[in-house]
2 protein chains.
Amino acid sequence: MGNIEENNTEATILEAAKRVFLRKGLFGARMQEIANDAGINKALLHYYYRSKQKLFEAVFKQAFGLMAPRINNVLNSDLELEDKIISLTQNYISFVIKHPYLPSFVIQELNSNPDFVATLISEDHFPNITVFRNQVNQLVAAEKIKPIDPNQLFINVISLTIFPFIAAPLLKGFTRLDDKAYKQLIEDRKVEVSNFIINAIKIEK
Amino acid sequence: MGNIEENNTEATILEAAKRVFLRKGLFGARMQEIANDAGINKALLHYYYRSKQKLFEAVFKQAFGLMAPRINNVLNSDLELEDKIISLTQNYISFVIKHPYLPSFVIQELNSNPDFVATLISEDHFPNITVFRNQVNQLVAAEKIKPIDPNQLFINVISLTIFPFIAAPLLKGFTRLDDKAYKQLIEDRKVEVSNFIINAIKIEK
DNA sequence: GTCTATAGCCAGATAGAC
DNA sequence: GTCTATCTGGCTATAGAC
């Protein structure tokens with residue numbers, strides 16, 4: 001017990017494929033590399049997943065399934081707006097620290113295949129911002145927060161949360177921070193980002 | 001006059017390569033497609049640029065050269081912080097509207113080749129945030145703006161500016177906006193983003 | 001289910017005529 | 001400088017033994 005080693009080839013392949021596809025993308029990845037990483041034979045990849053494309057789709061689906069519901073749950077919770085923003089940013093940054101390649105993988109793939117978004121929308125757990133939108137509009141109408149378009153606010157939240165992971169090498173260059181210092185900066189963003197957003201919209205008494 | 005048609009094969013190739021690489025990436029792009037797009041023979045690509053890799057590097061260098069100095073000039077101007085933020089966001093969003101594929105191209109490439117950033121830093125026009133950093137620190141010390149780490153503020157500015165372009169398909173999905181409405185939302189960000197940032201840091205009287 | 005060996009294809013690169 | 005034709009290597013995918 002304790003060492004629940006999944007001795008399932010199919011799952012082993014998927015894990016290896018995730019590691020390789022996330023770093024190299026669909027075209028950059030090599031089936032041989034995935035096989036090596038999984039410690040199994042290349043032919044088995046096709047035995048279980050038929051083609052590279054299908055294997056990739058399995059990886060993408062799982063990756064997206066990890067990211068999206070996490071946003072959706074918070075968006076539709078009954079938290080007040082301020083707590084919702086704190087929860088979104090803190091939880092999401094913590095999550096992405098553990099899976100740093102996920103966002104750019106998902107975003108890259110959607111860029112080269114934009115029509116796929118339509119398929120995703122129709123599935124469960126695809127983030128729905130209706131509740132969030134109403135919440136923001138009500139607070140604006142009641143003059144509890146500064147006027148802002150809910151879509152813009154939502155995009156700001158997501159941008160501030162995710163972009164520092166996607167553009168890490170570039171931002172490390174701009175700030176001249178080494179890996180360790182940048183990691184600390186990201187860590188700090190767990191609280192910095194929500195503070196920043198709340199400062200931007202709250203009305204001072 | 002007026003129709004300065006560059007009848008230069010080398011430049012024609014670079015333009016075509018830019019169009020294809022920006023949309024497909026290094027591995028997704030096909031030399032044949034670039035040749036077709038340029039209206040010339042595939043062998044000529046190799047005649048002028050030796051290899052796909054070298055052609056790609058030429059494209060990347062030009063793309064990065066378009067983006068980076070634009071940030072750097074504003075960062076090192078003698079504008080006050082507030083105007084600097086307005087200038088950065090407005091000008092940059094306007095610029096990227098005209099070149100929507102540039103940011104994700106540059107960022108994707110740097111992700112798959114992070115060590116390349118070191119080379120870029122040593123070149124001219126690579127953004128240097130020293131002036132910006134001092135400016136922020138002084139204003140914080142003088143209690144003219146709320147306390148914030150200059151690196152965090154800089155990253156916030158860049159995130160809010162660039163991310164909506166990189167993640168356009170995803171964000172269109174989240175907000176359920178069609179192309180036209182999303183375009184308008186981006187247009188609005190020319191003023192929305194700087195307002196948001198300035199609200200976040202300014203001290204109310 | 002797992003392996004070895006290989007088919008088949010496609011894309012980058014080059015040779016050589018003009 | 002520009003073209004056609006072709007080579008070469010590498011990669012996905014499969015056939016077939018165990």
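These numbers come from a predicted model, not from an experiment. Throughout, protein chains are lettered first and strands after them, A, B, ... in sequence-line order, and every chain is numbered starting at 1.
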What nucleotide, of D:dA13, D:dC3, C:dG12, holds the atom closest to the side chain of A:S51?
-> D:dA13
Look at the aromatic rings of A:F132 and A:F154 and report parallel, tilted or perpendicular, splitting at 30° and 60°.
-> perpendicular
Give a yes/no on whether any side-chain N or O of B:T9 is located under 4.0 angstrom from OP1 or OP2 of D:dT2.
-> yes
Going by the angle between their ring planes, with limits at 30° and 60°, are B:F163 and A:F163 parallel, tilted or perpendicular?
-> perpendicular
Given atom CG of B:N41 and atom C1' of D:dA5, what is their separation to the nearest angstrom?
-> 11 Å
May I ask you to check whether B:F126 and A:F174 place their ring centres under 6.0 Å from each other?
-> yes
Hey, what's the ring geometry for A:Y92 with A:F95, parallel, tilted or perpendicular (30° and 60° as the breaks)?
-> tilted
Measure centre to centre between the rings of B:Y101 and B:F21, then say whether the value is under 6.0 Å.
-> no
Quick one: A:K24 NZ to D:dC11 C1', roughly how many Å, whole number?
-> 14 Å
Length of the line joining B:L55:CG and C:dA13:P, which is rounded to integer Å = 10 Å
Between A:K54 (NZ) and D:dA13 (C1'), how many Å, whole number?
-> 14 Å
Of A:R30 and A:Y47, the one whose closest nucleotide on DNA chain D sits nearer the 5' end is A:R30
Of the nucleotides C:dG12, D:dT2, D:dT12, which has the atom closest to the B:H46 side chain?
-> C:dG12
Report the nucleotide, chosen from D:dA15, C:dT2, C:dG12, that has the shortest atom-to-atom distance to any side-chain atom of B:K52.
-> C:dG12
A:L45 CG to D:dT14 P, in whole Å, measures 13 Å
Assign B:A35 to base, sugar-phosphate, or nothing according to its heavy-atom contacts below 4.0 angstrom with the strands shown.
-> nothing
Using a heavy-atom cut-off of under 4.0 Å over every strand shown, decide if A:Y48 touches base, sugar-phosphate, or nothing.
-> sugar-phosphate
Atom CG of A:L26 and atom P of D:dC11: how far apart are they, to the nearest Å?
-> 14 Å
When rounded to whole Å, the CD1 to C1' distance for the pair A:I40 and C:dC3 reads 11 Å
Provide, to the nearest angstrom, the distance between the CD1 atom belonging to A:I13 and the C1' atom belonging to C:dC3.
-> 13 Å
B:M31 side chain, from C-beta outward: closest of C:dC3, C:dG12, D:dT4 = C:dG12
